[in-house]
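By convention here, the first residue in the shown sequence is residue 1. It should be emphasised that the depicted structure is a prediction, and the values quoted were computed from it without experimental measurement.
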Amino acid sequence: QVQLVESGGGLVQAGGSLRLSCAASGRTLSSRAMGWFRQAPGKERDFVATISWSGGSTDYADSVKGRFTISRDNAKNTVYLQMNSLKPEDTAVYYCAAARVVARTGNQYDYKFWGQGTQVTVSS
């Protein structure tokens, strides 16, 4: 079993930055791809970013490419999401997830474990 806890969310002005962290406990994450997803009020949960088990391969939703960066530190069992140039449309609850597979994947059905989410609010 893997427990995931997100942190780093908050309120920020448009154009600002936030860094989300996802700390895992229970079992190592090093054999799993990791991902970040987000859900805005009244909308479905969407893919944001994913990283392979080694950290050598990443992928992003088109809406965040060039602004967000996903990374991981397997020694610390932690995954990060650096968010720059934030926009009001980035406002959502952000979820960290651990996949069943080692390769990066944007398909949420590939993910087995989920965190409780952290709120990100971007004001205009």
Side-chain angles (χ1 to χ4, degrees):
Q1 195 74 3
V2 175
Q3 292 80 41
L4 303 173
V5 178
E6 302 96 335
S7 61
L11 173 64
V12 64
Q13 288 188 333
S17 297
L18 283 174
R19 189 195 195 200
L20 304 183
S21 298
C22 172
S25 61
R27 296 180 71 175
T28 180
L29 295 179
S30 61
S31 61
R32 299 182 183 273
M34 297 294 296
W36 286 95
F37 294 79
R38 67 186 182 186
Q39 187 168 21
K43 295 188 177 181
E44 295 184 350
R45 186 166 58 192
D46 290 331
F47 163 70
V48 174
T50 180
I51 188 167
S52 63
W53 71 275
S54 66
S57 181
T58 60
D59 194 19
Y60 299 90
D62 288 343
S63 60
V64 307
K65 279 182 181 176
R67 300 188 298 123
F68 291 11
T69 302
I70 188 172
S71 61
R72 66 189 298 163
D73 185 338
N74 286 341
K76 295 182 178 179
N77 241 15
T78 302
V79 179
Y80 306 96
L81 185 68
Q82 178 67 42
M83 305 186 295
N84 298 329
S85 303
L86 283 161
K87 304 175 181 180
E89 51 263 44
D90 293 319
T91 295
V93 177
Y94 282 71
Y95 297 91
C96 170
R100 298 180 177 87
V101 298
V102 298
R104 58 177 172 86
T105 173
N107 184 344
Q108 62 181 298
Y109 296 104
D110 286 334
Y111 288 83
K112 183 175 182 179
F113 302 105
W114 293 82
Q116 83 289 350
T118 184
Q119 176 70 47
V120 171
T121 303
V122 184
S123 63
S124 57

- Message: Using a 3.5 Å distance criterion without hydrogens, assess whether the side chain of Ser85 forms a donor-acceptor pair with backbone atoms of Gly15.
- Response: no
- For the pair Arg100 (side chain) and Tyr109 (backbone), establish whether a donor and an acceptor sit closer than 3.5 Å, ignoring hydrogens and angles. yes
- Message: With disulfide (SG to SG under 2.5 Å) as the rule and sequence neighbours excluded, what pairs involving residues 55-124 come up?
- Response: Cys22-Cys96
- Query: Pairs in or reaching into residues 23-70: which pass disulfide (SG to SG under 2.5 Å), with residues at least two apart or in two chains?
  - Reply: none
Taking salt bridge (Lys or Arg N to Asp or Glu O under 4.0 Å) as the cut-off, I'd like each qualifying pair that reaches into [range], sequence neighbours left out, listed once.
{"range": "residues 3-19", "result": "none"}
{"range": "residues 52-70", "result": "Asp59-Arg104, Asp62-Lys65, Arg67-Asp90"}
{"range": "residues 113-124", "result": "none"}

- Task: Take Val120 and Leu11 through the side-chain contact (heavy atoms from CB on, under 4.5 Å) test and state the conclusion after the steps.
- Result: CA-CA 6 Å; Val120 171; Leu11 173 64; over 6 Å; no
So if you build clusters from Ile, Leu, Val, Met, Phe, Trp, Tyr with side-chain heavy-atom gaps below 4.5 Å, do [X] and [Y] land together?
{"X": "Val2", "Y": "Ile70", "value": "yes"}
{"X": "Val12", "Y": "Leu20", "value": "yes"}
{"X": "Tyr60", "Y": "Val122", "value": "yes"}

- Task: Any ring pair (Phe, Tyr, Trp, His ring centres under 6.0 Å) involving residues 66-96? Give me the pairs, sequence neighbours left out, ordered by first then second residue.
- Result: none
- Query: Have Thr91 and Glu89 got a donor and an acceptor in their side chains that come within less than 3.5 Å?
  - Reply: no
- Query: Partners of Thr105 by side chain to side chain contact (heavy atoms under 4.5 Å, CB included), sequence neighbours excluded?
  - Reply: Ala99, Val101, Asn107, Asp110, Tyr111
Let me confirm one number: the [atom1]-[atom2] distance from [X] to [Y], rounded to the nearest 0.5 Å.
{"X": "Thr121", "Y": "Gln13", "atom1": "OG1", "atom2": "CD", "value": "13.0 Å"}
{"X": "Met34", "Y": "Trp36", "atom1": "CE", "atom2": "CH2", "value": "8.0 Å"}
{"X": "Ser124", "Y": "Lys87", "atom1": "OG", "atom2": "NZ", "value": "14.0 Å"}
{"X": "Ser25", "Y": "Gln1", "atom1": "OG", "atom2": "CD", "value": "10.0 Å"}
{"X": "Ser71", "Y": "Ile51", "atom1": "OG", "atom2": "CD1", "value": "6.0 Å"}

With [X] via side-chain hydrogen bond (donor to acceptor under 3.5 Å, both in side chains) - residues at least two apart:
{"X": "Thr118", "result": "none"}
{"X": "Gln82", "result": "Asn84"}
{"X": "Thr58", "result": "none"}
{"X": "Arg72", "result": "Asn74"}

Below 3.5 Å, can you tabulate the donor-acceptor pairs from side chains in residues 40-49 to any protein atom, sequence neighbours excluded?
unit_1	atom_1	unit_2	atom_2	d
Arg45	NE	Gln108	OE1	3.1
Arg45	NH2	Gln108	OE1	3.0

- Message: The test is side-chain contact (heavy atoms from CB on, under 4.5 Å); show your working for Leu4 and Gln116 and say whether it passes.
- Response: CA-CA 8 Å; Leu4 303 173; Gln116 83 289 350; over 6 Å; no
- Message: Side chains of Lys76 and Ser21, heavy atoms from C-beta outward: is any pair under 4.5 Å?
- Response: no
- With side-chain contact (heavy atoms from CB on, under 4.5 Å) as the test, would you mind laying out the steps for Leu86 and Leu18 before giving the verdict? CA-CA 8 Å; Leu86 283 161; Leu18 283 174; 4.2 Å; yes
- Could you please spell out the steps behind the side-chain contact (heavy atoms from CB on, under 4.5 Å) verdict for Met83 and Thr69? CA-CA 7 Å; Met83 305 186 295; Thr69 302; over 6 Å; no
